[in-house]
Amino acid sequence: MQYRLFTEPCAVPHGSHLITSPDSPLLAILDMAQLPDMVAQAKNGELADSRFGCAPFARITLVPASAWQDTLTNSLVAHLRPLFKNPVSENVVLDGTPLTESRVRDTVLRECFNLAHSLDDLGLKTTGNTRLRINTLTLFCLPSQEDALQAALRQQYAVANGMLAARRLADMPSETCTPQFVVEQAQQLCAQFPALRCEVLDEKAIVEQGLGLLHAVGKGSSRPPRLLAIHYDGAKDGPVRSYVGKGVTFDTGGLWLKEGAGMYTMKYDMCGAANVLGLMLSIAELALPVRVMGVLALAENAIGPDAMQPGSVARACNGMTVEINNTDAEGRLVLADAIAWASQRHALTQYIIDMATLTGAVVKALGYELSGLMTQDELLRESLTRAGLKTADDVWSLPLDGRLKKQTESAIADLCNTPTNNAAISASAAWLLHHFCPANIPWAHLDVSGTALWREGGRSVASGRPIPLLVQHLLDELA
C-alpha cells in the first residue's frame with residue numbers, strides 16, 4: 001500500500017473515500033445537501049455514512065468526535081473496519097486533523113496499512129477475487145501537524161510491513177508452512193536487507209548442540225525441527241537484544257491428543273516465531289542503530305513412532321532436565337531450549353524477550369485484548385507496559401515468584417513441564433521458562449494466546465501482535 005500526505009484541502013484526490021470528523025475543516029469544501037444532517041448524526045455519537053451526492057468524493061464517512069480520542073477501546077478502528085470490507089474506492093482519505101492522540105493515530109494507521117493482506121492473497125480459492133482493494137492511504141493534516149504525521153506514517157508503515165509478513169506466514173496452512181518452509185521464507189525476506197543474516201540449525205545440529213527439548217517436540221514428525229537465528233547488525237558493537245518465538249507449526253497435542261475442535265486453529269501455534277521474523281524485518285526497515293538477534297524455535301508436534309511420551313525426560317542445552325508429563329505443553333519446551341541457546345550466544349545480552357501462543361489460561365484471565373506479561377525484572381516490566389500503552393498493544397502483568405516453585409517440581413528430573421494441580425497454568429509455564437535464562441540477563445515472557453489472533457464472525461486470522469509493542473519498546477530505549 002502507498003501513502004501520501006497533504007495540507008491543502010484543494011489537493012484532496014477526487015473519487016476517494018473521505019473519512020473525517022464532524023468538526024473537520026475539510027467539510028468547508030463540501031457542497032452536500034445532506035451534510036448538516038450527517039454532522040448532526042455524528043455529533044450525536046452515531047456513524048454518518050453516504051455514497052450519494054458526495055462529489056468530489058465517492059463516499060464520505062463522519063465518525064463521531066469521541067472515537068478520535070478514544071485511547072481505551074479503539075472505537076475509531078471498530079468504526080472503520082466494516083467500511084474497509086467493501087470499499088468503493090482504491091484510495092482512502094483519512095483526516096488527520098482530529099488525530100491528536102498518538103495511540104489512536106498510530107493504531108488507525110497500522111490498521112489501514114494492514115489492509116494489504118487478505119486470506120484471498122494466499123491463492124487457495126479457485127474463484128478469482130474481483131473485490132476492490134484499497135491501495136493508497138492519503139492523509140490530510142494541518143501544516144503544524146505535518147512533521148509529526150510524516151514520522152508516524154514512516155514508522156507505522158514499517159511496523160505494518162513486519163506485521164504483514166508475520167500474518168501471511170501464520171495464515172498459511174500447516175501442510176505447507178513446515179519448519180523448513182518457515183526457514184526458507186525467512187531467508188527470502190531477510191535477503192532484502194543487508195543488515196540481516198540467517199543462521200539455521202537442522203535436526204542434526206539441534207541434537208549436536210544439545211537442544212534436547214526442541215528435539216523431543218519435533219522428533220515425532222516427518223517434518224523435522226529447525227532453529228533459526230536472525231541476526232541484525234544495525235550497530236558495529238554494543239549489547240544485543242534477543243527475541244525468542246515459539247514456532248510450533250502445527251500442534252496435535254502429541255500423544256496427549258487434543259480434541260478436534262481444539263486442533264482447528266493450531267496452525268497458528270507458530271505465531272510467536274512468525275512475529276519474531278516480522279519484528280526483525282520492521283527493525284531492519286527502520287534501520288535502527290542496535291544489535292538484535294531473533295530466534296525462531298520451529299517444530300511440529302505430531303504423533304508418530306518416535307513421538308515424545310508422557311513421563312519421558314529430556315535435557316536442554318543448558319544441562320537442565322525436564323520431565324514431560326504432558327506432551328501438549330510442548331511450547332514451553334521449545335522456548336526453554338531457545339532461550340537457553342540465545343543466552344549463550346553473546347557475552348553482552350541486554351535482555352531476552354520471548355513471545356508465544358502458550359496457554360489458553362491467559363485468555364481466560366485477560367481476554368483477547370491484553371497479552372500476559374511475566375517477568376522478574378521491574379525495569380523491563382515498566383518499559384514494556386509503557387510501550388503497550390503508547391501503541392494500543394497492551395500487556396498486563398501476572399505474578400512470577402517463588403510461590404510457583406511447587407508447580408514445576410518433579411520427582412525424577414530438575415523440572416516438570418506442567419503442574420499436576422491444573423492451577424496457575426500461565427504463570428507456572430513462565431516459572432519453568434525463567435530457569436533457562438541466566439539470572440544476570442533480564443528476561444520477560446509474553447503470552448500472546450489471546451492477542452496473536454484477530455477474531456471476528458467466528459473466524460480467526462493472525463493479527464501481527466505484539467510487533468507494535470516491541471518496536472515501540474525499542475524506539476523508547478533509543479529516544
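A distance of 11.5 Å separates OG of Ser282 from OH of Tyr157, quoted to the nearest 0.5 Å. In this structure, CG on Leu211 lies 4.5 Å from SG on Cys317, to the nearest 0.5 angstrom. Rounding to the nearest 0.5 Å gives a distance of 7.5 Å between CG of Leu453 and OG1 of Thr357. The OG atom of Ser428 sits 4.0 Å away from atom CD of Gln407, with the distance rounded to the nearest 0.5 Å. In this structure, Met280 CE and Ile467 CD1 are separated by 11.5 Å, a value rounded to the nearest 0.5 Å.
Put simply, the side chain of Ser16 never gets that close to the backbone of Leu18: no donor and acceptor are under 3.5 Å apart. Of the possible polar contacts, none joining the Ser371 side chain to the Leu446 backbone as a donor-acceptor pair under 3.5 Å is found. A donor-acceptor pair is defined here as one N or O able to donate and one able to accept, closer than 3.5 Å; such a pair exists between the side chain of Asp70 and the backbone of Thr73. Under the 3.5 Å distance criterion, the side-chain polar atoms of Arg167 are matched with a main-chain donor or acceptor of Asn114. At least one donor-acceptor pair closer than 3.5 Å links the side chain of Gln69 to the backbone N or O of Pro98. Within the 3.5 Å criterion, the main-chain N or O of Gly253 finds a donor-acceptor partner in the side chain of Asp251. At least one donor-acceptor pair closer than 3.5 Å links the side chain of Asn275 to the backbone N or O of Cys271. Using modelled atom types, no side-chain atom of Ser242 and backbone atom of Ala342 make a donor-acceptor pair closer than 3.5 Å. Looking at Glu382, its side chain never comes within 3.5 Å of a backbone N or O of Leu379 through a donor-acceptor pair. At least one donor-acceptor pair closer than 3.5 Å links the side chain of Asp393 to the backbone N or O of Leu469.
In this pair, Trp431 and His434 present their aromatic rings tilted. The plane angle is within the 30 to 60° band. Using cut-offs of 30° and 60° for the angle between ring planes, the His346 and His231 rings count as perpendicular. Below 30°, between 30° and 60°, or above 60°: for Phe6 and Phe140 the angle between ring planes is between 30° and 60°, a tilted geometry.
Side-chain contact of Gln376 with Asp401: a donor-acceptor pair under 3.5 Å is absent, judged by distance alone. Checking Ser426 against Thr359 by side-chain atom types alone, a donor-acceptor pair falls below 3.5 Å. For the residue pair Asp23/Ser21, the side-chain donor-acceptor check at 3.5 Å is not satisfied. A side-chain N or O of Asp171 and one of His117 form a donor-acceptor pair less than 3.5 Å apart. Between the side chains of Asp447 and Ser449, at least one donor N or O sits under 3.5 Å from an acceptor N or O. For the residue pair Asn91 and Thr136, no side-chain donor N or O sits within less than 3.5 Å of a side-chain acceptor on the partner. Thr71 and Arg103 share no donor-acceptor pair across their side chains, judged by distance under 3.5 Å alone. With hydrogens and angles left out, the side-chain atoms of Tyr351 and Glu477 include a donor and acceptor closer than 3.5 Å. Of the N and O atoms on the side chains of Thr61 and His17, at least one donor lies less than 3.5 Å from an acceptor on the other residue.
In this structure, Leu169 and Val182 have side chains that are in contact, with non-hydrogen atoms separated by less than 4.5 Å. At a threshold of 4.5 Å between non-hydrogen side-chain atoms, the residues Tyr243 and Met355 count as touching. Side-chain contact check for Leu277 versus Ile230: some heavy-atom pair is nearer than 4.5 Å. Looking at Trp454 and Arg81, their side chains come closer than 4.5 Å, going by heavy atoms from C-beta outward. Inter-residue side-chain proximity for Asp269 and Glu330 is flagged as met; some heavy-atom pair is nearer than 4.5 Å. Residues Leu94 and Tyr3 form no side-chain contact, since every pair of their non-hydrogen atoms from C-beta on lies 4.5 Å or further apart. Using a 4.5 Å cut-off on side-chain heavy atoms (C-beta onward), Tyr232 and Arg291 make no contact. Side-chain atoms of Cys141 and Leu5, non-hydrogen and from C-beta on, do get closer than 4.5 Å to each other.
In this structure, Pro179 and Thr249 approach most closely via the heavy-atom pair CD-OG1, 3.5 Å.
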Chi angles and distances behind the side chain to side chain donor-acceptor pair (under 3.5 Å) call for Arg4, Thr138: CA-CA 5 Å; Arg4 54 191 176 186; Thr138 302; 2.8 Å; yes
Apply side chain to side chain donor-acceptor pair (under 3.5 Å) to the pair Arg465 and Thr451, showing each step before the final yes or no. CA-CA 6 Å; Arg465 292 178 63 185; Thr451 56; 4.6 Å; no
Kindly indicate, with the supporting measurements, whether the criterion salt bridge (charged side-chain N to carboxylate O under 4.0 Å, His left out) is fulfilled by Glu184 and Arg226. CA-CA 11 Å; Glu184 293 169 357; Arg226 296 286 184 266; over 6 Å; no
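Using a cutoff of 4.0 Å between basic side-chain nitrogens and carboxylate oxygens, Asp354 and Lys246 are not scored as salt-bridged. The pair Lys390-Asp476 meets the salt-bridge criterion, since a charged nitrogen lies less than 4.0 angstrom from a carboxylate oxygen. One finds no salt bridge joining Arg168 and Asp121 here, because no Lys/Arg side-chain nitrogen approaches an Asp/Glu carboxylate oxygen to under 4.0 Å. Salt bridge annotation for Glu300-Lys267: absent, with no cationic side-chain nitrogen under 4.0 angstrom from a carboxylate oxygen.
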